[in-house]
Student: 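Please see the structure below; I have some questions.
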Amino acid sequence: MTSEPIIHRYPEQREGAFVNAYLIETARSVVAIDSLLTVSESRAMRAGLEQLGKPLRAVLLTQSHPDHYGGLTELVASDDVPIVAPQGVMDTIARDDPAKEQILRPMFGDEWATTRTFPNTPIADGETMTVDGAVFTVIDLGPSESPHDSPWTLGPDERIVFLGDQIYDHKHCYLADGFYAEWLANIEKLRDMFPDDAVFYIGHGGPVGRDMWDWQREYIERLLDAVSSADWSASEQAKATVVTRMKEYEPCEELQFLMELSIEPVAAKLGLLATAT
Ligand SMILES: [Zn+2]
């Protein structure tokens, strides 16, 4: 009988953390779920791994956005380990990374890694990775919060779920990729998939329970409604109106810029922006 895996969350300083990732410690090994965005936070996560004194055996990715893979080079260091994700996540990262470099370099400077490491080991929906008796199973969701998402469950009873960004814990959300219809459908698919007492380890805040599905659905629906009902003949005014309405729903300021970055792309996807500028 092996002991239960221990879940370590990074960064350890959670206050104001942009994103979090996890080290899963078993009796003799460690598995990482995602890396962090910045070089220094990913280096601190690596230091946490080395303090555990057990080898890193695999990294599992929950989705294709750079806040989840950007720190892989620091996290993995010289370890030759599988970095596992569905093919769609691997293809999305390879396709979008040059564009992310253009966006993130001015925002983060040297904290956005100059040498980035990509996933190297594809896995199919429902397949498992077993490390030191801990069984991780991937759910290949396809487009959702990011262009390709892949939550993982731990253990045969699926009570521990690494959900990625399917739920944000009372923080503003990123919808700029425009897959909100798929995201809403995935919420309905996932909410009935796990036991009532399942614990969701997520990318932004948490852990949370199943009650947060309703918060997340309503956040997306409100954003769509706020964008749809704004007057786009004056776009700055329209954006300000959407921000106000979303702050009424979620007063916190954390990740508000992600929501602000999402308003125009959602309006464009809804066909509300004039094509001539
Ligand atoms: Zn994220």
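Small disclaimer: the values here were computed from a predicted structure and weren't measured. Whatever order the structure lists them in is the order used to number ligands and atoms, beginning at 1.
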Student: Can you tell me the N, O or S atom of D165 that's nearest the Zn ion (ligand 1)?
Tutor: OD2
Student: Do F162 and Y22 have ring centres separated by under 6.0 Å?
Tutor: yes
Student: Please check if the distance between the ring centroids of F194 and W213 is under 6.0 Å.
Tutor: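 For F194 and W213, the ring centres are not under 6.0 Å apart.
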Student: Check whether the ring centres of H65 and Y174 lie less than 6.0 Å apart, and answer yes or no.
Tutor: yes
Student: I want to check something: taking the side chain as every heavy atom from C-beta on, are E111 and E41 in contact at a cut-off of under 4.5 Å?
Tutor: no
Student: Any N/O/S of E145 under 2.8 Å from the Zn ion (ligand 1)?
Tutor: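 Within the cut-off used here (under 2.8 Å), E145 places no N, O or S atom near the Zn ion (ligand 1).
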Student: Counting backbone and side chain alike, does H204 bring an N/O/S atom below 2.8 Å of the Zn ion (ligand 1)?
Tutor: yes
Student: From the N, O or S atoms in D67, identify the one nearest to the Zn ion (ligand 1).
Tutor: OD2
